[in-house]
**Q** 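This structure is in structure tokens; I'll ask about it shortly.
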Amino acid sequence: MTELGGALIAMATGVVGTSVIHLSKGFMRLGISNRTSSVYAIGVAMNFTNPLWVILANRFAPTIFYTSMYGLGLIPLLLFSRYRLNERLHRRQYRGIAIIVAGTLIVGIGNLLGGKPSLYGANQSLLIAVALFWLVGAPLFSVLVRRVRVPVQEYFFGITAGGLAALEALVKGVAQAGPTGSTFLPQTTVGWWLFGVSFLGAAGAFGMIQWSYLRHCRASMMGSLYDVSYVTIPLLLSALLVDGAGLGVWSILGVACLVAGVLETTRGGDAEMTPVTQSQM
């Protein structure tokens, strides 16, 4: 298979995977709101398919091709949030989500045009250090922000949850990478160790999402911030972990669009939501 063919398969896997994972957030939020355990269980099951999509995509191309598609999942989540969760968003928030989707597409185009070096030989020590900091720091800071306004908490939970999921995908990508290409499963002892530890990122992201819903964060806003983190962090880390994987013009432009989309989405007044009280988690 050609390099382009593998990249396209990884990106197509990303589109399917992101749609399933984004809709899982809506199902879980609906289950919590309506106290319906079956709906919540469906959302949980959908959410736990995320590692499978990552493993499949990593087989065909570096992780960055999969993660670059993640913002497209906002479209099905937005529709679900509007018509099933009855979340009321302002026009600027729709514009912001559209900009985030555009930024996602720009990043994907940049990856196709420029390509990304294999994760084989990536700086594993740096990656592990960043992952541990994120995994330990996320719950600690969650306690510190429990009394701030909900929109601020949406920033925190969305970015930290997306970062944990992104680090899971990157660690798996490094574990699956080999000198002649990636495999479905690791081929070395270190690779298997990294592969197993990476699931802590998925568990952490899941926990942060559930915690955010207890704080009354909106699923649509959580999805926007989660996606920016999920797309941006692999781009930035890849540039540090792998020789020759610097940020190109397309990546910089795409990241700029992602940031602009979030600023537009969260600018101004708040959409309708339940305020957080001091007694909440």
**Q** Quick one about T49 and W53 (side-chain donor to acceptor, distance below 3.5 Å, no hydrogens or angles considered), yes or no?
**A** yes
**Q** Would the number of heavy atoms belonging to other residues, nucleotides or ligands and lying under 6.0 Å from CZ of R84 be above 12?
**A** no
**Q** Quick one: does any side-chain atom of T104 pair with a main-chain N or O of I100 as donor and acceptor, under 3.5 Å?
**A** yes
**Q** Of the options R147, H216, R215, which is the one that meets Q153 in a side chain to side chain donor-acceptor pair (under 3.5 Å)?
**A**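 It is R215; the other options fail the test.
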**Q** Identify the two heavy atoms, one from V231 and one from G71, that lie closest to each other, and give their separation to 0.1 Å.
**A**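 It is CG2-N, 4.2 Å.
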**Q** Between S229 and W134, what is the shortest heavy-atom contact and its length?
**A** OG-CZ2, 4.5 Å
**Q** Applying ring pair (Phe, Tyr, Trp, His ring centres under 6.0 Å), run through F48 and F206 and close with a yes or a no.
**A** CA-CA 8 Å; F48 280 136; F206 176 79; 4.9 Å; yes
**Q** For F184, does the CZ atom have more than 12 heavy-atom neighbours from other residues, nucleotides or ligands under 6.0 Å away?
**A** yes
**Q** Please determine whether side-chain contact (heavy atoms from CB on, under 4.5 Å) holds for the pair T36 and L30, giving the CA-CA distance in whole Å, both sets of side-chain angles, and the decisive distance to 0.1 Å.
**A** CA-CA 8 Å; T36 307; L30 180 63; over 6 Å; no
**Q** What closest approach, in Å, do V228 and T232 show between heavy atoms, and which atom pair accounts for it?
**A**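 That would be O-OG1, 2.7 Å.
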**Q** Hey, which of L241, L167, L170 is the one that makes side-chain contact (heavy atoms from CB on, under 4.5 Å) with P234?
**A** L170
**Q** Over 60° means perpendicular and under 30° means parallel, so classify the ring planes of F195 and W192, tilted if in between.
**A**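 Rings of W192 and F195: perpendicular, over 60°.
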**Q** Would you call I128 and L194 a side-chain contact if the rule is heavy atoms closer than 4.5 Å?
**A** yes
**Q** Do other residues, nucleotides or ligands put more than 12 heavy atoms under 6.0 Å from the CZ atom of F199?
**A** yes
**Q** Test Y66 against F60 for ring pair (Phe, Tyr, Trp, His ring centres under 6.0 Å), laying out the working first.
**A** CA-CA 10 Å; Y66 173 82; F60 296 99; over 10 Å; no
**Q** Verify side-chain contact (heavy atoms from CB on, under 4.5 Å) between N34 and V39, making sure each step is shown before the conclusion.
**A** CA-CA 9 Å; N34 295 345; V39 174; over 6 Å; no
**Q** Is the distance from the ring center of F157 to that of Y226 below 6.0 Å?
**A** no
**Q** Of all the heavy-atom pairs spanning Q176 and I55, show the shortest one and how long it is.
**A** NE2-O, 3.1 Å
**Q** Is there side-chain contact between N123 and L240, with at least one heavy-atom pair below 4.5 Å?
**A** no
**Q** Using a 6.0 Å cut-off, check whether atom OH of Y120 has over 12 heavy atoms from anything other than its own residue.
**A** no
**Q** Step by step, work out the side-chain contact (heavy atoms from CB on, under 4.5 Å) result for F156 and M208.
**A** CA-CA 10 Å; F156 172 79; M208 295 299 288; 3.8 Å; yes
**Q** Does a side chain donor of either N58 or S182 reach within less than 3.5 Å of an acceptor in the other side chain?
**A**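 No, no side-chain donor-acceptor pair sits under 3.5 Å.
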**Q** Could you tell me whether R95 and E264 have a side-chain N and a carboxylate O separated by less than 4.0 Å?
**A** yes
